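Remarks on the structure that follows.
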Amino acid sequence: MTLQGDPGAQRAEDSEVVPLPEDRLRRPRLPRATDGRVIPLARGTEPVWATAEPTMPLLRTQRDELREHIVDGRLDGVRRQHSLGKHTARERLDLLLDPDSFTEVELYRRHQASGLGLAENRPYTDGVIAGSGTIDGRRVFVYAQDFTVFGGSLGEAHAAKIHKVMDLAIATGSPLIGLNDSGGARIQEGVMALNGYGGIFRRQVEASGVIPQISVVLGPCAGGAAYSPALADFVFMVRDTARMYLTGPDVVETVTGQRVSHDELGGADVHGASSGVATVVHDDEESCLADVRYLVSLLPSNYLEPAPREPARDAGKDRRPRFAELVPVEPNKPYDMRDVFTELTDDGEFFELHERWARNVLCALARIDGRVVGLVGNQPVVFAGVLDGPASQKAARFVRFCDAFGIPLVTLVDVPGFLPGVEQEHSGIIRHGAQLLHAYCEATVPRIQVILRKAYGGAYIVMDSRSIGTDLSLAWPTNQIAVMGAEGAVNVLFRKDLAVAPDPDALRAHLVAEYTEEFMNPQYSAERGLVDDIIDPADTRSAVARALDMLQDKRKAAPQRKHGNHPI
């Protein structure tokens, strides 16, 4: 059979396999007839038993043998999967879910197609394992595509099983996790495969903002299938084995003449650093699925429930003098905002999203005093922390996710403005900046702003300023809130005076000091009600914890309308 999108999606009966150690081989038991004779397995179908008078013990035995055959899978397919450095679908579920918690649905499902030889090859499960289990005792729904059956390709029955668990996840208010490893649409089933994908996409949109959706790419995810991860809230990918693209290397070469490998076109590092499609990238499946479990521990099950809370840490009395050591007083000296995140959060732990994409802004989920929060912060060690198009998009999507699921937002500001340049303007920085502005303005969750140093121009407004609705604005004594930096302002305001001055450098220095003293002193914005308090940096964690306590009962209804027109 031919599968769309990836040459690795070959027939399950291919014989080129790499033998595994004996202790890793699955050993399906062959069924036995009532007289003890072994009856061979029918190729690609089910065990065949000798004719016998039906009795309950015999029916139970046949049922158990068939289930064991289905669960064990084809030995050559399992070997091939392992030879590619990948776990099987069931092994992945064992890594993801709590032990003995998985309840499978539609184990016996088989396709009903008959064309192009499919009538003689109707394996059970139809290439996807679907059902529900728990992660740390909390209910999730999950499907795992099985590359050992038809290369994990999606047909009508395959899609119907995914539709079922999606419907159940929405109905029960439980997170949905998809483990993707598929060659794409099953060409032999034609338009019905495309119809199946459409049903998945529609359900994902219906579930958006209702339940968390996590997509884990562990193999090929090509063609239209790539839209499913793109619609999810979080996308995990594994290096070397995961790849995701709309058109494969062969099509790219045919159309453009450009030769490119699978990894160069749509590998994990490409989507983690360049396209921004991948939220998290891992080296292996074990650490990837462990991180998925950790992420679930930070998320609410649905938009009506709060995120899981841990015992309070008495953070309201927690002084951290190291804050002042981490952030230089001089506004142009860089530092790593991750160090500030570490000092602010419980146990110094936070789950960073899109770590390698748009690195001039940080987005992370963490806990402060046991409560889950979303952290947004400028990153001074990358482009001095300026906002550009990708950074605005990254932060906007994160803000919208937190707002959808009731997660309070804490925004740490140290931003010199938006990145200037012809390329930025032509690439739509106005539109991208408007996305972040729109996201904050429509957010109704508790919002706390902490201004560490610079907060200049439109970037100050966009980073959850008082004017766009932050609930509480705190600032360090090093804060500088202004239209632009003092030197830039002086160059604009006093351009003519500087041009004719006998000593322009001395005059500029005097004017900069004067402008800074009058318009950029720490109390300037507080005196005008744009900052609620100027805090000692050492009190940052305690001030944020108290603010979260103060705002925990905040209720603000969204405007009555169908929906806003987000500046996509």
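Residue numbers run from 1 in the order of the sequence given. Owing to the predicted nature of the structure, the values given are computational and were not obtained by experimental measurement.
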Are a donor atom and an acceptor atom from the side chains of S215 and N180 found within less than 3.5 Å of each other? yes
Knowing that exactly one of F351, Y294, F398, F401 qualifies, which makes a ring-ring contact (aromatic ring centres under 6.0 Å, His included) with F234? F401
Donor-acceptor under 3.5 Å (D403 side chain, V445 main chain): yes
Donor-acceptor contact below 3.5 Å, side chain K394 vs main chain A358: yes
Heavy-atom nearest pair, L194 first then A185, reads CD2-CB, 4.5 Å
May I ask you to say whether D126 pairs ionically with K161, meaning some side-chain N is under 4.0 Å from a carboxylate O? no
Can you give me the closest heavy-atom contact between A384 and P416, atom names plus distance? O-CD, 3.4 Å
Y197 vs F201 aromatic rings, parallel, tilted or perpendicular, using cut-offs 30° and 60°? parallel
D414 and R453: which non-hydrogen atoms are nearest, and at how many Å? OD2-NE, 2.8 Å
Decide salt bridge (charged side-chain N to carboxylate O under 4.0 Å, His left out) for D269 and R356; before the verdict, give the C-alpha distance in whole Å, the side-chain angles of both, and the deciding distance to 0.1 Å. CA-CA 9 Å; D269 287 321; R356 299 179 59 219; 2.9 Å; yes
Indicate whether any N or O donor in one side chain lies under 3.5 Å from an N or O acceptor in the other, for T470 and Y440. no
Between A545 and A315, which heavy-atom pair has the shortest distance, and what is it? CB-CB, 3.7 Å
Any side-chain donor near an acceptor of the partner, S301 and R139, under 3.5 Å: no
Qualifying residues under side-chain hydrogen bond (donor to acceptor under 3.5 Å, both in side chains), relative to H282, sequence neighbours excluded: S287, D291
Would you kindly say whether Q552 and R371 are connected by a side-chain donor-acceptor distance under 3.5 Å? yes
Is a donor from one side chain sitting under 3.5 angstrom from an acceptor on the other, for N378 and N360? no
For the pair Q379 (side chain) and V361 (backbone), establish whether a donor and an acceptor sit closer than 3.5 Å, ignoring hydrogens and angles. no
Under the salt bridge (charged side-chain N to carboxylate O under 4.0 Å, His left out) rule, what do E189 and R186 come out as? Steps first, then yes or no, please. CA-CA 6 Å; E189 296 199 32; R186 194 174 301 163; 3.0 Å; yes
SB check R541 E343 (cutoff 4.0 Å): no
Lys NZ or Arg CZ of R528 over Y524 ring: under 6.0 Å, within 45°: yes
If we count only N and O atoms by modelled type, under 3.5 Å, do the side chains of T540 and W476 hold a donor and an acceptor together? yes
Counterpart residues, side-chain hydrogen bond (donor to acceptor under 3.5 Å, both in side chains), relative to T241 (two or more places apart): none
Of V238, V216, L179, L96, which is the lone residue that meets side chain to side chain contact (heavy atoms under 4.5 Å, CB included) with E285? V238
Any donor-acceptor N or O pair under 3.5 Å, side chains S228, Q204: yes
Side-chain donor/acceptor of D532 to backbone N/O of S473, under 3.5 Å: yes
Step by step, would you call R447 with D471 a salt bridge (charged side-chain N to carboxylate O under 4.0 Å, His left out)? CA-CA 5 Å; R447 293 157 52 187; D471 296 300; 5.5 Å; no
Minimum heavy-atom separation for R293 and T134, please, with both atom names. NH1-O, 4.5 Å
Polar side chain donor-acceptor pair, Q145 to H158, under 3.5 angstrom: yes
May I have the step-by-step check of salt bridge (charged side-chain N to carboxylate O under 4.0 Å, His left out) for E310 and R367, ending in yes or no? CA-CA 8 Å; E310 292 187 349; R367 282 189 172 89; 3.7 Å; yes
Quick one about Y515 and E487 (side-chain donor to acceptor, distance below 3.5 Å, no hydrogens or angles considered), yes or no? no
Say whether N195 and E156, considering side chains only, have a donor N or O and an acceptor N or O under 3.5 Å apart. no
Less than 3.5 Å apart, any donor N or O on the side chain of Q435 or S392 sitting next to an acceptor on the other? no
Between S427 and Q424, which heavy-atom pair has the shortest distance, and what is it? OG-O, 3.0 Å
One pair to check against ring pair (Phe, Tyr, Trp, His ring centres under 6.0 Å): F405 and Y303. What are the steps and the verdict? CA-CA 5 Å; F405 290 97; Y303 80 106; 7.6 Å; no
